[in-house]
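This report refers to the structure that appears directly beneath it.
Note: hydrogens, waters and symmetry copies are ignored here, and every other heavy atom, side chains too, is used. Remember, predicted model here, so these are calculated numbers, not experimental data. Ligands are counted one by one from 1 in listed order, and the atoms in each one are counted from 1 as well.
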Amino acid sequence: MIVLGVLVSGTGTNLQAILDAIAAGTLDARVAVVVSNFEGAPALDRARTAGVEAVVVDHAAFAERRAFDEAVVSVLREHGVQTVVLAGFMRLLTGVLLDAFPMQIVNVHPGLLPAFPGIHAQRQALEYGVRIAGCTVHFVDAGTDTGPIIAQAAVPVREDDDEAALRDRILAKEHEILPRVLQWIAEGRVSVEAAQTPGGRARVRVRGHVEAL
Ligand code: GRF
């Protein structure tokens, strides 16, 4: 069993996928707290409906990002959070959060990294003309969508896709792989190995059988 803190800014369908997986018994975790950076996030209602404490830490109330992150860290610590999930959290993290939860922050990104980091990954994929798109679950480091990759899943790009159609196809995959990765973490199967070569990247190892995604 792992204790999760989920950071959100939006609709919270990935949060819902986590809550549903816990309810279905396929994810051995407890969501101790959901934190949103603004009051209007529909994800807050999903948390409350599931009986999970939902806290707003309004980023506009903080003069600088580090102070905002300090407030978020204290909420996470108060709730005994072990693993932090960024589920549509639209704020860049500072070292305050990264240092408080080193390689314990997981992000889901709607693109096959390292292609198309940042915002509007689906639009970037369509504009580039790729035939395969997808999503990535990775640990968060100091860069934007640069951290060690844990899992990825692919979807086809169809001739008549617009951004919304592609977003929905990718989102359905996000909802599959994010809870699956969290279950791997709950089982203690995921570790990060430091780079072996100068300039090399840290790599994630997942022990045991890794189910096809
Ligand atoms: C997802 O596409 C996620 O990959 C991105 O933001 C979106 C959040 O959607 N980081 P939701 O709030 O989980 O519905």
Side-chain angles (χ1 to χ4, degrees), residues 4-24 27 29 31 33-50 52 54-57 59 69 72 83-93 97-98 101 105-128 130 132-157 161-183 185 213:
L4 303 176
V6 184
L7 308 190
V8 297
S9 304
T11 49
T13 63
N14 278 292
L15 167 65
Q16 192 66 55
I18 293 168
L19 295 169
D20 291 350
I22 292 171
L27 172 55
V31 180
V33 67
V34 170
V35 182
S36 169
N37 62 297
F38 85 108
E39 185 62 66
L44 291 166
D45 294 328
R46 294 180 187 272
R48 291 175 184 134
T49 300
V52 171
V55 175
V56 176
V57 181
H59 69 268
D69 278 10
V72 172
T83 300
V84 180
V85 185
L86 308 186
F89 185 62
M90 300 305 288
R91 308 296 298 171
L92 293 175
L93 306 192
L97 250 162
L98 295 169
F101 293 93
I105 306 177
V106 171
N107 182 46
V108 57
H109 176 76
L112 289 176
L113 296 171
F116 314 131
I119 58 167
H120 304 309
Q122 306 94 328
R123 187 187 305 169
Q124 294 180 57
L126 282 176
E127 286 175 355
Y128 198 94
V130 296
I132 300 285
C135 50
T136 303
V137 177
H138 64 95
F139 285 116
V140 177
D141 67 8
T144 301
D145 301 322
T146 54
I149 290 171
I150 311 169
Q152 295 184 298
V155 301
V157 179
D161 269 348
D162 59 12
E163 209 179 321
L166 183 58
R167 182 195 62 221
D168 289 349
R169 195 175 307 122
I170 294 171
L171 204 47
K173 280 289 179 194
E174 294 179 41
H175 299 161
E176 287 177 34
I177 71 170
L178 180 58
R180 185 114 35 128
V181 164
L182 295 173
Q183 176 60 20
I185 293 172
L213 297 173

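Around atom 14 (O) of ligand 1, the closest heavy atom drawn from Leu86, Thr13, Val108 belongs to Thr13.
For ligand 1, the atoms closer than 4.0 angstrom to any heavy atom of Pro110 are 2 (O), 4 (O), 5 (C). Atoms of ligand 1 found under 4.0 Å from any heavy atom of Leu171 (numbered from 1 in listed order, with element): 1 (C), 2 (O).
The two residues Ala151 and Val181 have their closest heavy-atom pair at CB-CG2, 3.6 Å.
Between the side chains of Arg46 and Gln16, at least one donor N or O sits under 3.5 Å from an acceptor N or O.
Heavy atoms of Gly12 approach ligand 1 to within less than 4.0 angstrom.
Scanning the protein for heavy atoms near atom 9 (O) of ligand 1, the closest one is Asn14 ND2, 3.9 Å. Protein heavy atom nearest atom 2 (O) of ligand 1, with residue, atom name and distance: Glu174 OE2, 3.0 Å. The protein heavy-atom contact nearest to atom 8 (C) of ligand 1 is Gly88 CA, 3.5 Å.
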Go through it in stages, so that I can follow the logic: the residues are Val6 and Leu19, the test is side chain to side chain contact (heavy atoms under 4.5 Å, CB included), and I'd like the CA-CA distance, side-chain angles, deciding distance and then a yes or no. CA-CA 11 Å; Val6 184; Leu19 295 169; over 6 Å; no
Stepwise side chain to side chain contact (heavy atoms under 4.5 Å, CB included) test for Val137 and Arg180: CA-CA 10 Å; Val137 177; Arg180 185 114 35 128; over 6 Å; no
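For Gln122, no nitrogen or oxygen atom sits less than 3.5 Å from a nitrogen or oxygen atom of ligand 1, counting backbone and side chain alike.
The salt bridge (charged side-chain N to carboxylate O under 4.0 Å, His left out) analysis of residues 105-126, with sequence neighbours excluded, yields the pairs Arg123-Glu163. Annotation: side-chain hydrogen bond (donor to acceptor under 3.5 Å, both in side chains) contacts involving residues 169-178, sequence neighbours excluded, comprise Thr13-His175, Asn14-Glu174, Asp161-Arg169.
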